[in-house]
Amino acid sequence: MKNIRRPFMALLLTCFVLASCDEDILNTKQQDGAVSEEEVYSQIDTAESLVQVLYNSTESWALRRNEFWGQRVNLEGASFEAKFNFQNRNDVYNLRDAGWTPGNPGLVFQSKWESYFYYIQGCNEFLSKIEGSPAQGQDEDKARVLIAEARFLRANLYSKLLRFFGGVPIFTAPNELNGNYDFTRNSYEDCVNFIVSELDAAAQILPQTRPAGEFGRATSLAALAVKSRTLLYAASDLHDPSKMPQTENIELYSYPVSSKWQDAADAAKAVIDIVGDDALIQVADATEYQSLFLSPNENILFARPYSSTIYEVGTGGFSAVNSLPDQAQSPNGYTGWGLCSPTHDFALEFNFADGTTTGGVTPANPHENREMRYYADLTFQGALFRRRPVDYALSDTIPGENRPAFRHGLDSPEGRGNTQHSSKTGYNIRKFHDESIRVLTEISPDRPYILYRLAEIYLNYAEAMAELEQDGVALNFLNKVSRRALQPNIVAGGEALKEGIKRERRVELCFEGHNFFDERRWLNEDHLGFDIRGLKYTKKIDGTVPFENVSVVVRPWFPKMYYLPIPENENEISPGLTQNFGYN
């Protein structure tokens, strides 16, 4: 495979600072005067720098760091949660027309296979060279932890590959430049077993906690969290041989393990036993809830760190600060780009304040008396955001005159800034925004992108226990998350309980990269292909601002899109790679 053939050491020898190692650097060649490989593995500190580079394999708000749009969006625009907003473009995610193809999975998905395997090659190179090196002899304890970190990062990469592609080739040694590249894919079950064994081994060595200066480095809890998600996903309907949609090469997608739900429950419980079963940070209101995503806290199990010196893409210029949510997702009237507009149907997933559901029906007053997370996660017509109310409304024209009766809303298609970025649905993403910064191109200190957190683990445990028909335990952990969101206790059992857990995941974990996979693993095609709706507001002559439900665009669904296609160039280089179901 082409991705395996690219030498990783050139990157490692020239890039020792995490802040400067973005995907744009991955194609550089070793510069004159660079440190030699022998020198790198002669000192434990330089060996540690190699591992720091490997942390670029973790992801964040950027779905693809070497592509313009991918630097500024994640999976939300390809999920039930939202759509890509700018010019209603389809090329970013390629979810319309005939959907993904091996040559065109959308701009942001195009290099997933290559990028993940590139970093796996880097992990394997490090693991093969650190053993028996002078660096290891200099500090065996530190080297032991670095080895565990590399194994953790490799397992995390495989967990992501598994979610996007199904079973993939497993490599535990670096591929040589003159080697054989005709590989075959391992089964889905083989990949799960490999990931779990690697994470178990890493968890035995990694520290349980890290000092503040090492925020973002792997811990044993991070390893157990990746294990929990991997086993929960494996246990789901998408991988059940009796339910899965694939009819060919089913070993690449199926997980025929009778203990799967118990294994998933045990993996989540392992984290809970360490952290505690009542450890969620409590909040008093939406503002306190928002703050949970703006700085490190004890509920974060693994995150990617940001600061004034660590941006998403580079360290300055056009491609730096505007890749963070404050610029990329604020409404256009704030000079934001509002790149992913939440769908109205997703907004209807949020309950009312008293815990009752909308039932998927638009309320007469859609923004009144909603649950706390509605106000923390979404902007909507009239929401107070960055010191003024959001205004998506267009004005009616004066009767008999060809001019508006009022000033169009600042966030409308006739408002301020680049109006091509105006919301197509009447919503924008509020979650992750630091509203204390005065200018969208400022960077607040110590900003995390949360990859794994405790609320997910509680919900993982609740889902697994519900599948095991342990409804009391499932309700207990579901309600821990619901009560923290200031909702009343949920009372349900059986299928109603399972649906309640799904709704809670949609709302609690929104815009964090979960829903894209959750709806797939639940085989919920109604949330994969659907009529994307929004609310359109008009300022009437009488001063009222009514709304109407509008259809924005229809997103079709094709069963092949449970997984990304194997890139066509990989099949050319490695003919033994079986293409994913539906793409031949």
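Start at 1 with the first residue, then count along the sequence.
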Does the side chain of Arg521 come within less than 4.5 Å of Asp237's, by heavy atoms? no
Taking every non-hydrogen atom, the tightest pair across Arg370 and Phe350: NH2-O, 2.8 Å
Of all pairs that satisfy ring-ring contact (aromatic ring centres under 6.0 Å, His included), the ones with a partner from residues 480-515, not counting sequence neighbours: Phe346-Phe511
Taking the side chain as C-beta and beyond, is there a heavy-atom pair between Tyr452 and Asn156 under 4.5 Å? yes
Can the ring centroids of Phe380 and Tyr374 be said to lie less than 6.0 angstrom from one another? yes
Is the shortest side-chain N to carboxylate O distance from Arg453 to Glu298 below 4.0 Å? no
Measure up the Phe516 and Phe164 rings against each other and bin them: parallel (under 30°), tilted (30 to 60°), perpendicular (over 60°). tilted
Within-4.5 Å side-chain heavy-atom neighbours: Tyr93 and Val73: yes
Which residues satisfy the side chain to side chain contact (heavy atoms under 4.5 Å, CB included) test with Asp273, sequence neighbours excluded? Lys269
Ignoring hydrogens and angles, state whether a donor on the side chain of Ser295 or Arg447 is under 3.5 Å from an acceptor on the partner side chain. no
Take Asn351 and Thr357 through the side-chain hydrogen bond (donor to acceptor under 3.5 Å, both in side chains) test and state the conclusion after the steps. CA-CA 5 Å; Asn351 283 344; Thr357 72; 5.1 Å; no
Hey, does Phe152 have a side-chain heavy atom less than 4.5 Å from the side chain of Thr219? no
Salt-bridge present (Lys502, Glu519; N to O < 4.0 Å): no
Less than 6.0 angstrom separating the ring centers of Trp522 and Phe517, yes or no? no
Residue pairs meeting salt bridge (Lys or Arg N to Asp or Glu O under 4.0 Å), one or both in residues 225-236, sequence neighbours left out, come to Asp200-Lys227, Arg229-Glu456
Taking Arg503 first and then Glu371, would you say they form a salt bridge - that is, a charged N and a carboxylate O separated by under 4.0 Å? yes
Could you work out, with side chain to side chain contact (heavy atoms under 4.5 Å, CB included) as the rule, every residue matching Glu251, not counting sequence neighbours? Ser187, Asn249
Does the separation of the ring centres of Phe84 and Trp69 fall below 6.0 angstrom? yes
Could you list the residues that satisfy side chain to side chain contact (heavy atoms under 4.5 Å, CB included) with Ser259, not counting sequence neighbours? Val257, Asp263
Give me each pair satisfying ring-ring contact (aromatic ring centres under 6.0 Å, His included) with a member in residues 470-507, each pair once, sequence neighbours excluded. Tyr458-Phe477, Tyr461-Phe477
Quick one: salt bridge (Lys or Arg N to Asp or Glu O under 4.0 Å) partners of Glu198, sequence neighbours excluded? Arg151, Arg154
Just to verify, what does Pro207 make a side chain to side chain contact (heavy atoms under 4.5 Å, CB included) with, not counting sequence neighbours? Val145, Arg210
I want to check something: taking the side chain as every heavy atom from C-beta on, are Glu525 and Tyr562 in contact at a cut-off of under 4.5 Å? yes
Over 12 foreign heavy atoms within 6.0 Å of NZ, Lys424: yes
Does a side-chain heavy-atom distance below 4.5 Å link Arg533 with Val550? no
Tell me which pairs pass ring-ring contact (aromatic ring centres under 6.0 Å, His included) where either residue lies in residues 217-241, with sequence neighbours left out. Tyr188-His239
Can you tell whether the side chains of Lys112 and Glu59 come within less than 4.0 Å, N to carboxylate O? yes
Separation between CG (Leu378) and OH (Tyr427), nearest 0.5 Å, reads 7.5 Å
Compare every heavy atom of Leu162 with every heavy atom of Cys191, then report the nearest pair and how far apart it is. CB-CD1, 3.5 Å
Min side-chain heavy-atom separation Arg64-Ser111 under 4.5 Å: yes
Answer yes when Glu467 and Lys260 have at least one side-chain N-carboxylate O distance shorter than 4.0 Å, and no when they do not. no
Which residue pairs pass the ring-ring contact (aromatic ring centres under 6.0 Å, His included) test with at least one member in residues 244-268, sequence neighbours excluded? Tyr253-Tyr563
Assign the ring pair His527 / Phe80 to parallel, tilted or perpendicular, where the plane angle (0 to 90°) is split at 30° and 60°. parallel
Candidate pair Thr230 and Ser159, rule side-chain hydrogen bond (donor to acceptor under 3.5 Å, both in side chains), full reasoning: CA-CA 6 Å; Thr230 301; Ser159 184; 2.8 Å; yes
Would you say the ring centers of Tyr449 and Tyr306 fall short of 6.0 Å from each other? no
What I'd like to find out is whether the side chain of Arg520 reaches to under 4.5 Å of the side chain of Leu528, using heavy atoms alone. yes
How would you list, by chain and number, every residue that makes a side-chain hydrogen bond (donor to acceptor under 3.5 Å, both in side chains) with Arg483, sequence neighbours excluded? Asn489
With Glu469, which residues qualify under side-chain hydrogen bond (donor to acceptor under 3.5 Å, both in side chains), at least two apart? none
Aromatic centroids of Trp337 and Phe86 separated by under 6.0 Å: no
